[in-house]
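What follows is a single structure, written as structure tokens, with notes after it.
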Amino acid sequence: MITVKPLKSLNEQELPKKRSHSSIRNLIPTLLFASLISTYLDLFFTGVGLYTFPKRPFPELFSINIFFPLVGLPCLIILYIYIIRYLSKWRKAGLIMLLSLLMAVFERYSETLGFLDHTNSWKHIYSVFGYSLYFTVIDYFYRWSNKSYE
């Protein structure tokens, strides 16, 4: 039996394979970086005495709430990276400012619930600037660690 294979013309080129941007494997370095940075910042600021975590898991072991930097923040970062990849520079800046403002509001709300306690000298505008810097660094780190995929 004779089988006929179609000839590939010299003009036809193979389509490039699409690489998956949403693969969790591409996010792991950024998630680890984000968790480490937030954990060290929490340890620093609690050590300096700017805030404390009255309600936290394993209070005899940790002076910080380990749930947020190890579980809550990585979930937020996954959503953040998923959205920010498709935005222009100005929209990224707007999203970063919006998230920073929301995080400051979340801090105020967590204070009323008793999860966080700031000193009297703390201004929540510090959180807005801190989180905007944090989200910007996370965006740069993600793009740097995945530049081969883009």
Side-chain angles (χ1 to χ4, degrees), residues 11-150:
N11 295 335
E12 289 182 28
Q13 295 179 356
E14 286 188 36
L15 294 174
K17 293 182 180 179
K18 289 186 179 181
R19 294 184 179 155
S20 172
H21 290 285
S22 61
S23 172
I24 192 71
R25 188 180 53 164
N26 298 345
L27 292 173
I28 288 175
T30 306
L31 295 176
L32 288 173
F33 179 72
S35 292
L36 284 173
I37 292 296
S38 65
T39 302
Y40 285 126
L41 286 172
D42 280 347
L43 286 170
F44 175 75
F45 287 124
T46 56
V48 171
L50 287 175
Y51 55 80
T52 59
F53 296 95
K55 295 180 185 176
R56 61 186 185 269
F58 309 112
E60 61 279 352
L61 294 177
F62 301 107
S63 63
I64 63 170
N65 184 350
I66 59 168
F67 178 76
F68 183 68
L70 298 180
V71 177
L73 204 54
C75 292
L76 177 66
I77 295 298
I78 289 172
L79 181 64
Y80 168 72
I81 289 173
Y82 178 75
I83 293 170
I84 208 160
R85 288 182 312 172
Y86 303 108
L87 299 179
S88 66
K89 286 184 181 181
W90 289 107
R91 290 186 182 200
K92 280 183 186 183
L95 179 66
I96 288 171
M97 286 310 297
L98 176 69
L99 285 175
S100 300
L101 289 169
L102 287 174
M103 293 304 284
V105 169
F106 176 72
E107 279 184 355
R108 293 283 284 184
Y109 183 66
S110 64
E111 283 179 345
T112 61
L113 295 176
F115 290 111
L116 186 62
D117 189 28
H118 286 99
T119 63
N120 292 333
S121 63
W122 184 261
K123 306 283 186 249
H124 286 281
I125 194 72
Y126 301 158
S127 298
V128 173
F129 289 122
Y131 276 109
S132 62
L133 180 64
Y134 176 77
F135 285 123
T136 302
V137 168
I138 296 302
D139 178 40
Y140 281 120
F141 184 84
Y142 175 75
R143 286 189 289 133
W144 173 78
S145 66
N146 290 295
K147 64 183 163 186
S148 63
Y149 295 108
E150 295 182 4

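- Summarising the geometry, atom CE belonging to Met103 is positioned 5.0 Å from atom CZ belonging to Phe135; distances are rounded to the nearest 0.5 Å.
- Closest non-hydrogen pair, Thr30 versus Asn26, comes out as OG1-O, 4.4 Å.
- Here the side chains of Ser121 and Leu50 are in contact, with some heavy-atom distance below 4.5 Å.
- Taking OG1 of Thr39 as the reference point, atom CZ of Phe68 lies at 10.5 Å (rounded to 0.5 Å).
- Here the CZ-NE2 distance, from Arg108 to His124, works out to 4.5 Å after rounding to the nearest 0.5 Å.
- Here the CD1-CD1 distance, from Ile138 to Ile84, works out to 10.5 Å after rounding to the nearest 0.5 Å.
- The OG1 atom of Thr136 sits 9.5 Å away from atom CE of Met97, with the distance rounded to the nearest 0.5 Å.
- The shortest heavy-atom contact between Pro74 and Leu31 is O-CD2, 3.5 Å.
- Counting only heavy atoms from C-beta outward, the side chains of Ile66 and Pro57 approach each other to under 4.5 Å.
- Environment of CZ in Phe141: crowded, with over 12 heavy atoms of neighbouring residues, nucleotides or ligands closer than 6.0 Å.
- Here the closest non-hydrogen pair linking Pro69 and Ser38 is CB-OG, 3.2 Å.
- Counting only heavy atoms from C-beta outward, the side chains of Leu95 and Tyr80 approach each other to under 4.5 Å.
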Practice problem: Apply side-chain contact (heavy atoms from CB on, under 4.5 Å) to the pair Glu107 and Tyr131, showing each step before the final yes or no. | Solution: CA-CA 11 Å; Glu107 279 184 355; Tyr131 276 109; 3.6 Å; yes
Practice problem: Start with the C-alpha distance between Phe53 and Asp42, add both sets of side-chain angles, then the distance that settles side-chain contact (heavy atoms from CB on, under 4.5 Å), and finish with yes or no. | Solution: CA-CA 10 Å; Phe53 296 95; Asp42 280 347; 4.0 Å; yes
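- Side chain of Thr112 to backbone of Tyr109: a donor-acceptor contact under 3.5 angstrom is found.
- Atom CG of Leu116 and atom CG of Asn65 lie 9.0 Å apart (nearest 0.5 Å).
- Remark: of the listed residues Leu99, Ile96, Leu98, Ile96 is the sole one forming a side-chain contact (heavy atoms from CB on, under 4.5 Å) with Ser132.
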Quiz prompt | Evaluation steps, side-chain contact (heavy atoms from CB on, under 4.5 Å), between Thr46 and Tyr51 | solution = CA-CA 5 Å; Thr46 56; Tyr51 55 80; 4.0 Å; yes
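- Counting only heavy atoms from C-beta outward, the side chains of Val137 and Ile37 never approach each other to under 4.5 Å.
- Heavy atoms only, all atoms of each residue included: Leu113 and Lys55 are closest at O-NZ, 3.1 Å.
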Practice problem: Begin with the C-alpha distance, continue with both residues' side-chain angles, and end with the deciding distance and a verdict on side-chain contact (heavy atoms from CB on, under 4.5 Å) for Phe33 and Ile77. | Solution: CA-CA 11 Å; Phe33 179 72; Ile77 295 298; over 6 Å; no
